[in-house]
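Report on one structure; see the data block that follows.
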Amino acid sequence: MYIYADNAATTRMSDTAMRVMTESMKDVYGNPSSLHSIGQQASEKLLAARMEVAECLGADFKEIYFTSGGSEADNQAIVSAAALGALKGKRHIISTKIEHHAVLHTLDKLSEKGFEITLLEVGKDGIVDPRSVEKAIREDTAFVTVMYANNEIGTLQPIKEIGQICREEGVIFHTDAVQAVGHVDINVMDENIDMLSLSAHKFHGPKGIGVLYANKKIPLTNLIEGGAQERGKRAGTENLPAIMGMTAALKESIQNMGETAKKVSALRDRLIMGLSKISHSVLNGDRQKRLPGNVNFCFEGIEGESLLLLLDSKGIAASSGSACTSGSLDPSHVLLAIGRPHEVAHGSLRLTLCGENTEKEVDYIIEEVTKVVEYLRGMSPVWDALEKGEMEHVI
């Protein structure tokens with residue numbers, strides 16, 4: 001038995017998405033920009049997908065731009081909002097310390113160009129206080145970007161409240177919703193969202209395709225020059241099979257969201273309860289305000305890399321945080337932001353479930369994680385010193 005519990009990194013493509021993509025590659029192979037009938041058939045499918053994605057988000061279809069994924073969508077949203085702000089003499093940007101690196105690294109680039117970046121603190125629960133956003137907004141604030149759900153610890157942010165504050169202050173609000181779309185209800189109009197990024201492979205769609213929603217009032221800055229695709233805002237022939245596969249996966253995820261969330265949340269809570277029995281362990285992120293399938297723990301006295309490798313040998317696929325930084329030896333910036341010490345942050349484990357997981361798998365994970373943690377602590381000089389009282393326990 002091999003258990004896949006790393007769905008925050010990527011998900012298995014659904015049978016529906018795979019079927020739609022296969023049919024598209026076979027039957028709708030024209031270039032949507034071509035004027036002949038085969039090209040126009042592809043153009044009609046592209047428009048239909050755009051309208052369906054818009055409906056899923058509560059947006060207008062003219063506000064939907066197809067990208068290569070969440071990172072590109074984040075980049076274009078941030079660069080565009082910054083450019084618009086600069087035209088108005090506004091060069092101040094607000095974000096948080098727990099954002100995905102697609103956001104943080106883009107903000108670093110803007111900082112080099114003279115923009116002032118304010119990164120807000122979050123609480124121990126990993127949630128940003130909307131009042132801190134309100135206090136940070138200045139006359140020269142260009143925009144605010146706060147992620148919808150954290151990719152490591154799964155915390156859900158008060159997006160509607162933050163969006164309302166930004167709306168009242170006349171400030172553009174962007175949210176990186178890569179981890180949230182397809183798993184929680186989202187309506188960009190109801191939640192005062194001006195720009196939103198998503199990626200298909202987080203909700204059982206194909207990799208390499210995503211969406212940037214941008215309110216009509218926001219002129220986008222091109223990242224890719226060339227043809228006039230995506231209303232002139234993203235050059236390059238559209239990846240229609242991936243777009244259609246993503247659309248099918250998104251519609252399916254939203255249609256089944258209530259039932260899936262109920263099942264996955266129960267599995268999540270079962271897993272949290274089981275892992276909480278391990279001594280000197282702690283759940284990262286708010287206990288309730290989190291994604292249905294996210295479980296993130298720190299275990300004192302062990303290294304996360306060793307834990308992952310041993311779990312893999314036991315047939316469990318997990319991670320220690322973001323897949324984009326899995327090769328890094330540095331502790332998670334998210335865990336440091338919520339107050340975990342370096343030595344504890346190194347011993348983190350992220351398990352992310354989906355509707356395909358079972359209670360039997362969860363119970364096996366609990367059993368094996370407990371055994372592996374005990375094994376690693378048994379050979380750790382740090383744990384020995386902690387147990388002897390030579391060092392103080394942090395957890």
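Values in this document were obtained by computation on a predicted structure and should not be read as measured data.
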Practice task
Answer yes if the side chains of Q40 and S37 hold a donor-acceptor pair under 3.5 Å, and no otherwise.
Solution key: no
Handout entry: Worked check of salt bridge (charged side-chain N to carboxylate O under 4.0 Å, His left out) between E387 and R377
Key = CA-CA 10 Å; E387 290 295 275; R377 285 174 171 174; over 6 Å; no
Handout entry: Heavy-atom pair with the smallest gap, counting every atom of P206 and A200
Key = O-CB, 3.4 Å
Handout entry: E343, CD atom: more than 12 neighbouring heavy atoms under 6.0 Å
Key = yes
Problem - Sidechain N-carboxylate O distance under 4.0 Å for E367, K314 - result: no
Practice task
Tell me yes or no: between the side chains of D60 and Y213, is some donor less than 3.5 Å from an acceptor?
Solution key: no
Problem - Pair H174-S197, side-chain donor/acceptor within less than 3.5 Å - result: yes
Handout entry: Minimal non-hydrogen separation, A249 against F203, with atom names
Key = CB-O, 3.7 Å
Handout entry: M189 atom CE, neighbour heavy-atom count above 12 within 6.0 Å
Key = no
Handout entry: E252 and T16: side chain donor to acceptor below 3.5 Å
Key = yes
Practice task
For M379, look at atom CE and say whether over 12 heavy atoms of other residues, nucleotides or ligands are found less than 6.0 Å away.
Solution key: no
Practice task
Considering only NZ, NE, NH1 and NH2 on the basic side and carboxylate oxygens on the acidic side, decide whether D27 and K45 come within less than 4.0 Å.
Solution key: no
Exercise for the section: Assign the ring pair H105 / H101 to parallel, tilted or perpendicular, where the plane angle (0 to 90°) is split at 30° and 60°. Expected result: tilted
Fill in the blank from the handout: Which of T247, I243, I64, V211 passes side-chain contact (heavy atoms from CB on, under 4.5 Å) with R50? It is I64
Exercise for the section: Check the side chains of E361 and N357 for a donor-acceptor pair under 3.5 angstrom, ignoring hydrogens and angles. Expected result: yes
Problem - Pairing of E116 and R138 as salt bridge, 4.0 angstrom limit - result: yes
Problem - Partner of R234 by side-chain hydrogen bond (donor to acceptor under 3.5 Å, both in side chains), out of E72, Q76, Q229 - result: E72
Exercise for the section: Is it possible for you to check whether R167 lies under 6.0 Å from the centre of the six-membered ring of F173, through NZ or CZ, and within 45° of that ring's axis? Expected result: no
Problem - Euclidean distance, M21 CE relative to M13 CE, rounded to 0.5 Å - result: 5.0 Å
Exercise for the section: Could you tell me whether the side chain of K263 and the main chain of G355 form a donor-acceptor pair under 3.5 Å? Expected result: yes
Handout entry: Heavy-atom closest pair, residues A345 and L335
Key = O-CD1, 3.8 Å
Exercise for the section: Please determine if D125 and R287 form a salt bridge, counting it only when a charged side-chain N lies under 4.0 Å from a carboxylate O. Expected result: no
Exercise for the section: Apply the side-chain contact (heavy atoms from CB on, under 4.5 Å) test between L267 and each candidate in T358, L353, I365; give the one that qualifies. Expected result: L353
Practice task
Taking only Lys NZ, Arg NE, NH1 and NH2, and the carboxylate oxygens of Asp or Glu, determine whether R350 and E152 approach each other closer than 4.0 Å.
Solution key: no
Practice task
May I ask you to check whether over 12 heavy atoms, not counting those of H342, lie within 6.0 Å of atom NE2?
Solution key: no
Problem - Least distance between heavy atoms, T237 atom then P32 atom - result: CG2-CD, 4.5 Å
Exercise for the section: Assess the side chains of E168 and Q164: does a donor N or O sit below 3.5 Å from an acceptor N or O? Expected result: yes
Problem - Ionic contact status for K160 with D190, cut-off 4.0 Å - result: no
Handout entry: Check: Q157 side chain, V146 main-chain N or O, donor-acceptor pair, under 3.5 Å
Key = no
Problem - Pairing of E23 and R19 as salt bridge, 4.0 angstrom limit - result: yes
Handout entry: Heavy-atom pair with the smallest gap, counting every atom of P341 and L336
Key = C-CD2, 4.4 Å
Handout entry: Pi-cation contact, F115 with R91 (under 6.0 Å, within 45°)
Key = yes
Problem - E139 atom CD: more than 12 heavy-atom contacts under 6.0 Å - result: no
Exercise for the section: Please indicate whether R231 has more than 12 foreign heavy atoms, meaning atoms of other residues, nucleotides or ligands, lying under 6.0 Å from its CZ. Expected result: yes
Problem - L35 CG: over 12 foreign heavy atoms closer than 6.0 Å - result: no
Practice task
To the nearest 0.5 angstrom, please state how far the OG atom of S95 sits from the CG atom of L119.
Solution key: 6.0 Å
Exercise for the section: Count the heavy atoms belonging to other residues, nucleotides or ligands that lie under 6.0 Å from CG of D185, then report whether that count exceeds 12. Expected result: no
Handout entry: N75 and T106 side chains, donor-acceptor separation under 3.5 Å
Key = yes
Handout entry: Heavy-atom donor-acceptor pair, H280 side chain to I395 backbone, under 3.5 Å
Key = yes
Completion exercise
Here the pair of heavy atoms bringing S199 nearest to G69 is OG-CA, 4.0 Å
